Amino acid sequence: MTSFTKPHIRRKNEPVNKLGLVRADYDGAMSTLCAGCGHDSVTASMARAFFELSIEPHRAVKVSGIGCSSKTTAYFLREAHGNNTVHGRMPSVATGAVAANSALTYIGVSGDGDSLSIGLGQFVHAMRRNVNMLYVLENNGVYGLTKGQFSASADLGSLAKRGAPNEMPPIDPVSLALSVGATFVARGFSGDREQLVPLIKAGLKHKGFGLIDVISPCVSFNDHKGSTKSYAHTYQYYHKAVHADYVAPSKDIKVCYDEGEIMPVEMHDGGVIRLRKLEKGFDPRDRAAAMSALANAQKNDEILTGLLHIDETHPDMHALNKMEDRPLNEIPYAELNPGAAKLHDLQKGFR
Amino acid sequence: MTSFTKPHIRRKNEPVNKLGLVRADYDGAMSTLCAGCGHDSVTASMARAFFELSIEPHRAVKVSGIGCSSKTTAYFLREAHGNNTVHGRMPSVATGAVAANSALTYIGVSGDGDSLSIGLGQFVHAMRRNVNMLYVLENNGVYGLTKGQFSASADLGSLAKRGAPNEMPPIDPVSLALSVGATFVARGFSGDREQLVPLIKAGLKHKGFGLIDVISPCVSFNDHKGSTKSYAHTYQYYHKAVHADYVAPSKDIKVCYDEGEIMPVEMHDGGVIRLRKLEKGFDPRDRAAAMSALANAQKNDEILTGLLHIDETHPDMHALNKMEDRPLNEIPYAELNPGAAKLHDLQKGFR
Amino acid sequence: MSEAAINDFVIKLANVNGTGSASANGLLMKAIFRMGVPVVGKNVFPSNIQGLPTWYEIRVTEKGYRGRSGDVHFIVAMNAETYERDLAELSPGGVLLYDNTWPRPHFLTRPDIQVLGVPFARLCNDAFKAARSRILMKNMAYVGTVAALLNLDLDVIHQLVREMFSTKPKLIDLNLQAIALGYDYAKEHFDCPLPFSVQSRDNTAGKVMIDGNTAAGLGCVYAGATFGAWYPITPSTSLMDAFAKYCDQLRVDVDTDLHKYCIIQAEDELAAAGMIIGAAWNGARSFTPTSGPGISLMSEFIGFAYYAEIPMVLFDIQRVGPSTGMPTRTQQCDIQLCAYASHGDTRHLLLFPADPGECFEMAVQAHDLAERFQTPVFVLSDIDIGMNDWMVDELTWDDSYQPDRGKLLSTEELEKIEKFHRYLDVDGDHIPYRTLPGTHPKGAYFTRGSGHNKFGGYTEDGQAYKEVVDRLRAKWHSAASKVPAPVISPSKKKACCGIISVGSCDGAVLEARDRLEAEGLHLDYMRIRGFPFSDEVEQFVADHDEIFVVEQNRDAQLMGLLLLETDVPREKLIPILHYSGEPLDYQFVYSALQEAARVRKIA
Amino acid sequence: MSEAAINDFVIKLANVNGTGSASANGLLMKAIFRMGVPVVGKNVFPSNIQGLPTWYEIRVTEKGYRGRSGDVHFIVAMNAETYERDLAELSPGGVLLYDNTWPRPHFLTRPDIQVLGVPFARLCNDAFKAARSRILMKNMAYVGTVAALLNLDLDVIHQLVREMFSTKPKLIDLNLQAIALGYDYAKEHFDCPLPFSVQSRDNTAGKVMIDGNTAAGLGCVYAGATFGAWYPITPSTSLMDAFAKYCDQLRVDVDTDLHKYCIIQAEDELAAAGMIIGAAWNGARSFTPTSGPGISLMSEFIGFAYYAEIPMVLFDIQRVGPSTGMPTRTQQCDIQLCAYASHGDTRHLLLFPADPGECFEMAVQAHDLAERFQTPVFVLSDIDIGMNDWMVDELTWDDSYQPDRGKLLSTEELEKIEKFHRYLDVDGDHIPYRTLPGTHPKGAYFTRGSGHNKFGGYTEDGQAYKEVVDRLRAKWHSAASKVPAPVISPSKKKACCGIISVGSCDGAVLEARDRLEAEGLHLDYMRIRGFPFSDEVEQFVADHDEIFVVEQNRDAQLMGLLLLETDVPREKLIPILHYSGEPLDYQFVYSALQEAARVRKIA
Ligand SMILES: Cc1ncc(C[n+]2csc(CCOP(=O)(O)OP(=O)(O)O)c2C)c(N)n1
Ligand SMILES: Cc1ncc(C[n+]2csc(CCOP(=O)(O)OP(=O)(O)O)c2C)c(N)n1
Ligand code: SF4
Ligand code: SF4
Ligand SMILES: [Mg+2]
Ligand SMILES: [Mg+2]
């Protein structure tokens, strides 16, 4: 597929990607979120990542649940199919969609309510299956769309807008993901696109389930003093562990290997994720290490961000199911139909 | 409540508990499980724990989901109410029941299918709420009742009866519980009642959510060679970390404190859990330590058992909700009814 | 269409949500109410937090009609995006008020209306410094303008502002100032008041303005419910908010700060259902508020409660379905689902409140019925009732009320009986006795959703199974005379035809019926309030030749229940269906009835 | 009740489950089938793995009746626990065979039957060493005894044993030895054969013995389904097992071991529903097998698929509800739920197979219809059809079949069109075009369960919303002529009354009708196979004065659909309901029809 609806207006000298598309070609409908909502920044980062990776928009698929966060799939990649499913159940729809056609790039967008309460089971099981998709969890500690109830990611002691503290331990998507064996686990912040865009790119290129937990403040219901998911609090406490950047397959890749601080992780497509260690001695390929880094950060009240764990060796859902490369939806019926004679044969055992 | 239906037949010199009841008074209906099923042993251990704690049978409540494991609530404590709910949703029914009457002792029985697939969300959220109950997860790595499909706790590489290996990472209820902040986390083995009965007693006395993951082999579908949830495999690999025993409130408790290997944890009722450390330097009150002990054991292919984590300081659901001690279901209507005059007052704001 | 007149007109305020307009509009409505003139208010808001179109419609109706009229006589068009549509909706002779701060290049208008422009933005920008104030105060400014144009009592408005900001007194002056801006501008530039305006009356004495969710939450307090579990979903959230507020106010020990109730925000609707089942099973009156998607998700549990005979109270605040649908628009589209929710042979009790007053009463009845019949009971409200402020008679309470806990055996009773069997029809009334955990060893039984016989034992025996489900059906049927009876409002003259309707249709139906009656078309009217249907319902359908069934869904779901559960022949029933999501207006019903009567040649 | 005769009698085997009896009993049935005599087999098993009562009933019916008869002429009473009940069930003149190894203290018997004792346990204990063999071989021993008593062809039996253990040849001799034990004992001690026994015929040529779940699984293979997701639940599990088996056999590349399909065991039914929706949305034919509780849990997703117009194929293998009910007993109790599953105004397509042959065909049709109408399609089978081996015509296949992918735009087609709108009724047939992700930038659209207009855009506008749901209703209605047509079987003489039935009732109804006909009561018979109802259904109800609706549930759910969706007046319909959980027998239908005809004074 190479045909495109050409972008309408293009500024002079506007940067184009390998497909000749400009960043605006990766936009979607106008956002209806609140002005200043963290989610809008994440949307912009996602669009940019697709742009920079030169993915044809119509070869991407966007899936989401229900919530302010989940709405955002309408606000980028207008030329990609979107599926705004039901509350908390996006992972299953994504699983089916990915199963049907492995040749597209899948991005799921969800919220902390969508993923950690009603959707917890599906979220965990999609990670367990290592479905080949990137899952962006826009985490604001509240239910935005239903007007500000605490979500399960609300931190102990975080204050609600009306002043009541949350007293239940938070479910941290990153710890959870590590504990159930997810193969790409990262955390970002909507306010730091410089970190986030490369993470999204790496996640999109990871073969298997990629989780990025993005702290994405809700300006309407959880951005006040005392909230631990506010812009102010996140800026103050967040801590970058590992910077990850995806480098597309090319001859020069090997050259990078020598740079002191850089650790390369080879991807299935021949590309490489370059990890720049910011935390001494921390190797995101070691799951146990990631867990203890996380535990330490929690003790120090730090919000650990960056690529926290990657495992390129574990087979993804397609490999686990021994599926052939060709998408299921492209196998011609003639190959699927055993035919009348075979039907007769098969029934010999029924006599 | 002191009246009892007297036990019918009593052997001479049969041991009685503080209530004058014999062990058989804690029995239930005849089991309909397969001969040799691990779950029947767990049933016996649960009955014994209640007996030893001298809990009046009718002051206990048994809740369960659906599965062979979940059926077992019918097979002990015939004088206790039981609620065999729907598949995977016992935690919510238990939460409501506990909320309505905090004065009874609650035990939930579930399976790995019931808790880790369909019921994962409820399971995690009941832990998060720290509902005051003991949750016994009879873990056999398969769906027994539906005839042997792998469950989500099946270990990587464990072989199905027909020989196919499981290739998805297991969800370990103990790791999961630790990662979401559960306050009493233990693992036992149906084949080791000596360890299990004291654990159950401690769990019943813990104020908050107690989880005991009990490896409980399924002789019909998962007890063959190659299965990592078989009797043989469990006997071979299991490893006791901490032995826990509950000691009822009494004057002598303090005396125990000195014994070298014993670590006491004080309970809300004034009793004490005596922890006998089997693993050097391991303190189950430290959640991070428990997590790393678990990670190490996994690396060494050991099944770590015993009381792995306890936190008596975190408030339970009742405390979190600031509920008074009196059970909700005993508050007389007169105290709940604001009355006609008040209704008139309240409506002043509606004019 | 009807002409605007003194104390008889409709004003619609078109805004952008998240800009603070809702409270300004509520203030306008309340002011008219306090002037003694009845009002009907409808808030039509979008399913997001900020930036989408929202409308607030106030019908001023001296006669005290309770539904929408369908007209719009005065539009305050503050949202440029919906301007075109708002303009089109205005009745001929109507008035449009807009913000003329910025000139509009292609300004649309109509020759048959009057357009008034006020530079609200400029007035506020000049008067206020903070950016947020400038936005918020525009609302108060148009309140002032509207007050001048409609001749509203400024003292009443000022008093309302003071009450509104009683906890933030600093804001009072700011708001009063904004009101004055708009008021003065209007007085200066326009002929005030308009030909239609408000004159003080004494027609709202003994009335309150309350929304159905608040009333239902309060009803649960008075019913003695101590446990509620829920998962947030529009438009049911405010029901639990109200319950929480009143519990906090009425049920917290001042000394110890300890609570006599427990509210749990569940992880989803399945869990909420399980929790209230657990609590009710254990003897605490419990309930869950939800909406359509929640009922779908609770279906399995609803069948469990039905079969295991556990009291369960559900409030379904209906919104536009199917699927996520239009979460902030109203419909009555879950009637069929709730009647038979869950797999297998299941049937439930339904209560249909028509206004917040009945939400209060039926909340109490639902708890009594659920415990009496040990089964799920649905209160089927909707967004219109649940989230709009309605003028209703002040809620009253009978201090002699005692909860009907149903056939619940006490410790003493258990002590006396020989043997307790959970599912035995001892009294021949199809209702077995139940016991609570912990009361007595004799009371113990094993609750299960799997096959059980009348003693409560597990069974896979066909006859033993049937005996129990046959009793369940008989039990359900016996509730027909216990659910709230229909309200029958006979026509002035003997009528051969009738109307059947339900819930929030009531106001529009009554008004349409009255107007048709005035024109000589006589129709009896029955409003159904409970399911299973009582003999009165059977009688009504038997007594009429043709029956118009007015309801707010596409598939004639109430009519479906009548077909299934009464002997009414299909030819008698004529569906009148409204399902655009806007609250029903009398003109719709009026025209539909008139047309149907013409087609059917009914006198 | 009817007398046992050569090739016309019923044998029932009462066992304890988990003891290996099922395969022994199946072997008996297969042997008779291979002798050319038609059989009807019903396996009634408990909801556990080991130790509870289980029954296997084999009706030997030379005439090829397809339902149960209601009689039991020969009981093999191997389960002491159900002995009393089994004894009671035996028809007068019947034969009871039991294990007399141990003397029974209070041995119950009846004067009107013949009791035969064989010391199966002792024979096996003497002959076999391994504890497990001693238990298993008892089954084979009674097979031998029964073979002798019924004059079964030993060669056929031996051949079957060899096929059964073809992969474990060591077991062949052991089993043959056990059979000989029982056979020889019978020959020695009893008059063999019994008066009723089996004589070879040629009445099973061209037939196969297959269960409905296997046939449906195979149907999904032939339909070209490549994706299945499910959550294990009795009695639907074997459907996915069959699909997996055939895929493994037919769709794995021998060289690479790579698969042309994907099957996912989901974490629950909600997830299974979501997965097949995702896969179908993305162009892979997909399906999920489940049972009642699964449908309840999938309700929200079903409404999503309905409203977003995504193909969805569900197999509901019905079991006894409500709630967990009796998971191993049969009913048709989800008809109403499936017709209208989910909140809001929703309505679905239903297919009702009556035997495994139709399970195969309808599995294919379901996929075609789901894609043609872009909506959920339910295949409503039940335990009786799904898990029992039925004798049916060998399944056939038309090699010219091509899947109907419906109105799916290809890349080339998209290239040509100006602009694509997902929900636009371009052709006036109420069905919009759809596109798959990845095919073309022009094809992109945003799928949502929230309010959308006909272009696919988000809307909260009432009229735009209505336009779409009105089309959905019309689309649903237009499927009436595309779902499988009813099968009408006219009476031999002109009849004023008729029977309507569905699914697994068919055999019993046909037989009852034939027998009544022989007695002079003429009834036409229509078996419904699809919903929405076609014109033929309307015509049939219009053409008859009284109609008996035979179905297997308490609440007359099929009759309910007729009331709701056709013009039939209620007085015409007479429900005949069977819901004990046992497969329907003709005697039940016969008596009920006879009695109803008497009461209604039908000639
Ligand atoms: C079944 C169901 N229950 C409840 C809702 C109401 N609902 C919509 S969004 C939402 C929570 C969203 O929270 P989150 O995922 O954190 O998204 P945010 O708005 O914070 O980005 C809820 C409860 C729903 N749409 N569906
Ligand atoms: C909603 C629903 N789906 C599926 C089932 C079928 N089912 C019954 S038990 C079970 C799994 C039980 O597994 P587990 O909890 O591990 O119990 P075990 O039998 O192994 O002890 C399933 C899938 C059901 N009862 N309800
Ligand atoms: S409510 Fe919060 S999460 Fe939703 S759009 Fe507004 S700021 Fe964003
Ligand atoms: S199937 Fe397995 S889990 Fe179930 S009773 Fe038998 S041994 Fe136990
Ligand atoms: Mg959120
Ligand atoms: Mg299990």
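Quick caveat: nothing in here was measured; it's all calculated off a predicted structure. Hydrogens, waters and symmetry mates are skipped; everything else that's a heavy atom, side chains included, is used. Proteins get letters first, then strands, A, B, ... in listed order; numbering begins at 1 in each.
- Of the two parts of A/I66, only the side chain, counted from C-beta on, holds a non-hydrogen atom closer than 4.5 Å to a non-hydrogen atom of chain C.
- Nearest approach of A/G113 to C/Y231, heavy atoms of both residues: O-OH, 4.0 Å.
- What you find for C/N48 and A/T32 is that their closest heavy atoms are ND2-O, 2.7 Å.
- Atom CZ of residue A/R89 and atom CG of residue C/L297 lie 5.5 Å apart, to the nearest 0.5 angstrom.
- The shortest non-hydrogen separation linking C/Q50 to A/C34 is OE1-CA, 3.3 Å.
- C/Q265 contributes a side-chain N or O that, together with a main-chain N or O of A/F150, makes up a donor-acceptor pair within less than 3.5 Å.
- Summarising the geometry of C/I49 relative to A/G144, their closest heavy-atom pair is CD1-O, 3.7 Å, with the distance given to 0.1 Å.
- Taking a 6.0 Å sphere around CD of C/E81, one finds it holds 12 or fewer heavy atoms contributed by other residues, nucleotides or ligands.
- Neither the backbone nor the side chain of A/L120 comes within less than 4.5 Å of any heavy atom in chain C.
- Here the side chains of C/S323 and A/V86 are in contact, with some heavy-atom distance below 4.5 Å.
- Note that OH of A/Y143 is 11.5 Å distant from CD1 of C/I233, once rounded to the nearest 0.5 Å.
- Surrounding CD of C/E163 are more than 12 heavy atoms belonging to other residues, nucleotides or ligands, all under 6.0 Å away.
- Remark: A/K147 NZ to C/S238 OG distance equals 10.0 Å, nearest 0.5 Å.
- Between A/T146 and C/P232, the closest heavy-atom pair is OG1-CB, 3.7 Å.
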